[in-house]
2 protein chains.
Amino acid sequence: MTQIAQSIRVAVDIVIFTVQDNALKVILIRMKKKPFTGIWAFPGGLIDSEESLDAASKRELREKTGVRSPYLEQLYAFSDPKRDPNGRVISIAYFALINSGPISSKGTDGGIKLITTTKYSDIGWFDVLKLPKLAYDHKNIAKYALQRLRWKLEYTNIAYSLLPSRFTLSELRRVYEIILDRPLDRRNFQRKILSLKMLRRTPKKQVGRHRPARLYEFKVRKPVIIEGVS
Amino acid sequence: MTQIAQSIRVAVDIVIFTVQDNALKVILIRMKKKPFTGIWAFPGGLIDSEESLDAASKRELREKTGVRSPYLEQLYAFSDPKRDPNGRVISIAYFALINSGPISSKGTDGGIKLITTTKYSDIGWFDVLKLPKLAYDHKNIAKYALQRLRWKLEYTNIAYSLLPSRFTLSELRRVYEIILDRPLDRRNFQRKILSLKMLRRTPKKQVGRHRPARLYEFKVRKPVIIEGVS
DNA sequence: TCAAAAGTGTTCTGGATACACCCATGA
DNA sequence: TCATGGGTGTATCCAGAACACTTTTGA
């Protein structure tokens, strides 16, 4: 291995997903730095010398949202030498899932307060299906992240990280429908999800306008790969 | 983003798979550098300043095997600050698939000549199920690579890169059995693989000791994700 | 003529899909 | 009493798994 120091910097970029106002949303920041002034991008930054990539992305997430224990997963390393006009930067993309409060509440930020820094001129939630023009190769990252999220949803229990501790099956199904962007049959979804044995019925019932729905909770609130998904 | 130069170096490590002598094998090199003198590791090295990770791993593969157009895929970025005792190095793992010649030939290197460099004391093929002690976090890489390969085999056509242009269904099935490490029913495998419509019958037949088998070829010899795999 | 592998079925089962009926609640 | 969503059940279809019989070759 060559001993000459490489002049390569390493960064992480995070696609922070949440389900809010009947849409799948991500956090974008508005850049100040040229040549992307005014353009939106995923939050990110260089990693510290003694920090792993996981730690760096966790830190980045905490700085922007205050959330400390999200679902977090490495996506892909983007490394085109020309991807950053300001020098050689390799970016490792991550995606995170956070629960931003009531699922179909209107016009709420769901308790998550986004934190602006002086490095950016703005920060906000954007519908993944209606993203603005993005800086760098972040359009690729978005595509990749959505693909991975949809894929993971089918064969893991990661949905727990988008929901409060207790929820109805309709709320859970709604999360699936929003992420997969297609309707799911209520009855078939219920049978399928319950057959996976990853939910526990609680004695409680929803309070609401119609017939009260039973509340469920995840047996395990950490990533588990579902067995027996063909 | 901090403008202070990070003292982080970036490397790629490649898990080069082939099917040979009825086993799934990978290339390992024997290290000279302390503290891993004499220990085996996956081939790899620092990337050049103006080189993408894909290009770096392709170069590494070419240097070790002479192979120029393998199947190549990024696996994961390993970034524990303590993973390399000689300094901060982030390694992006790749896996490659190459065809090393006749599938069940005995004691052959299948036409692929492994190239030793002065940086290493030895190079060779190892059965993935019987790996020696590995340097760094390469045991993790091995586990990850095998998992990804098995996964990909089920829902893509990547098997083409392990086979010659024409092959019998038995040879193809053998490749699947070796990689998945379990027997597959001959008749069910045949029906399944033909239903995917990714193979083309050729008029040719195998020469051999028993009833001649029909030879098939892949319609497309580049990565394709198989539709309709549930 | 016989061993070995190739070619071509059939049956069974479980999961996915499509769809129907009745129940509990608030307005 | 009625609109709205909740709870539960049934018929159908298809893919996957288990398994059998016949054919073609070389020795």
Side-chain angles (χ1 to χ4, degrees), chain A residues 22 102-106 150-151 153-156 163 166-178 180-217 225-230, chain B residues 22 102-106 150-151 153-156 163 166-178 180-217 225-230:
Chain A
N22 278 310
I103 289 163
S104 46
S105 59
K106 297 233 166 119
R150 285 180 173 162
W151 192 237
L153 195 67
E154 306 261 23
Y155 66 94
T156 74
L163 287 159
R166 291 209 173 84
F167 48 86
T168 67
L169 291 179
S170 285
E171 288 169 333
L172 179 60
R173 178 170 50 86
R174 194 78 197 99
V175 166
Y176 275 74
E177 289 180 332
I178 289 168
L180 300 176
D181 196 30
R182 62 185 167 91
L184 299 173
D185 183 86
R186 181 172 66 90
R187 298 147 292 185
N188 292 335
F189 177 80
Q190 180 156 342
R191 186 185 9 245
K192 169 82 183 286
I193 209 83
L194 291 179
S195 77
L196 298 177
K197 311 268 186 202
M198 62 187 194
L199 300 183
R200 186 175 19 239
R201 288 171 65 146
T202 74
K204 311 247 172 177
K205 303 219 172 172
Q206 193 188 35
V207 293
R209 319 172 258 310
H210 307 299
R211 174 172 177 175
R214 182 173 291 276
L215 293 172
Y216 287 80
E217 59 190 12
I225 292 171
I226 298 160
E227 308 291 333
V229 173
S230 57
Chain B
N22 279 309
I103 290 162
S104 45
S105 59
K106 298 232 168 122
R150 286 179 173 163
W151 192 238
L153 196 67
E154 306 261 21
Y155 66 94
T156 75
L163 286 158
R166 291 210 172 85
F167 48 86
T168 66
L169 291 181
S170 286
E171 288 169 334
L172 179 60
R173 178 170 49 85
R174 195 76 197 101
V175 165
Y176 275 73
E177 288 180 331
I178 289 167
L180 300 177
D181 196 29
R182 63 185 165 91
L184 298 173
D185 183 88
R186 184 172 64 90
R187 297 147 293 185
N188 292 335
F189 178 80
Q190 180 155 342
R191 186 183 9 227
K192 170 83 183 289
I193 208 82
L194 291 178
S195 76
L196 298 177
K197 310 267 186 201
M198 62 187 195
L199 300 182
R200 189 180 10 243
R201 289 171 62 146
T202 75
K204 309 247 172 174
K205 303 219 174 173
Q206 191 188 36
V207 293
R209 321 171 255 312
H210 307 299
R211 175 171 177 176
R214 183 173 290 277
L215 292 172
Y216 287 80
E217 59 190 12
I225 291 171
I226 297 159
E227 308 291 333
V229 174
S230 59

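Lettering follows sequence order; numbering is per chain, from 1. Please read these numbers as outputs of a predicted model, since none were measured by experiment.
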| request: Remember a base hit wins even if backbone is also touched, and classify B/Ser170 as base, sugar-phosphate or nothing at under 4.0 Å, heavy atoms. | output: sugar-phosphate

Can you measure [X] atom [atom1] to [N] atom [atom2] for me and round it to whole angstrom units?
X	N	atom1	atom2	result
B/Ile193	D/dA15	CD1	P	15 Å
B/Leu184	D/dG16	CG	P	13 Å
A/Arg174	D/dG6	CZ	P	12 Å
A/Arg173	D/dG7	CZ	P	11 Å
A/Arg211	C/dT25	CZ	C1'	9 Å
B/Glu154	D/dG16	CD	C1'	12 Å
A/Tyr216	D/dG6	OH	P	12 Å
B/Leu172	C/dA6	CG	C1'	15 Å

| task | Hey, which sits more toward the 5' end of DNA chain C by its nearest nucleotide, A/Pro212 or A/Asp185? | result |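 Counting from the 5' end, the first nearest nucleotide belongs to A/Asp185.
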
From [X] [atom1] over to [Y] [atom2], what is the distance, rounded to the nearest 0.5 angstrom?
X	Y	atom1	atom2	value
B/Glu177	B/Asn22	CD	CG	9.5 Å
B/Asp185	B/Arg191	CG	CZ	8.0 Å
A/Glu171	A/Tyr216	CD	OH	12.5 Å

Under 3.5 Å donor-acceptor pair, [X] side-chain atoms to [N] base atoms:
X	N	answer
A/Arg214	D/dT8	no
B/Arg186	C/dG7	yes
B/Asn188	D/dA18	yes

| query | If each of B/Arg187 and B/Ser195 is mapped to the nucleotide of DNA chain D with the nearest heavy atom, which maps nearer the 5' terminus, i.e. the 5' end? | reply |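 Upstream on the strand: B/Ser195.
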
| request: Would you mind telling me which residue lines up with the more 5' stretch of DNA chain D, A/Gln190 or A/Arg209, judged by nearest nucleotide? | output: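 Its nearest nucleotide being more 5', the pick is A/Arg209.
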
| Nearest heavy-atom neighbours spanning A/Leu172 and A/Leu199 | CD2-CD1, 3.8 Å

| message | Nearest to the side chain of B/Arg191, heavy atoms from C-beta on, is which of D/dT24, C/dG9, C/dA24? | response | C/dG9

| request: State whether B/Lys192 places a side-chain N or O below 4.0 Å from either non-bridging phosphate oxygen (OP1 or OP2) of D/dA15. | output: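 No.
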
| field | Audit row: A/Glu154, A/Arg150, salt bridge (Lys or Arg N to Asp or Glu O under 4.0 Å) steps and yes/no | value | CA-CA 7 Å; A/Glu154 306 261 23; A/Arg150 285 180 173 162; over 6 Å; no

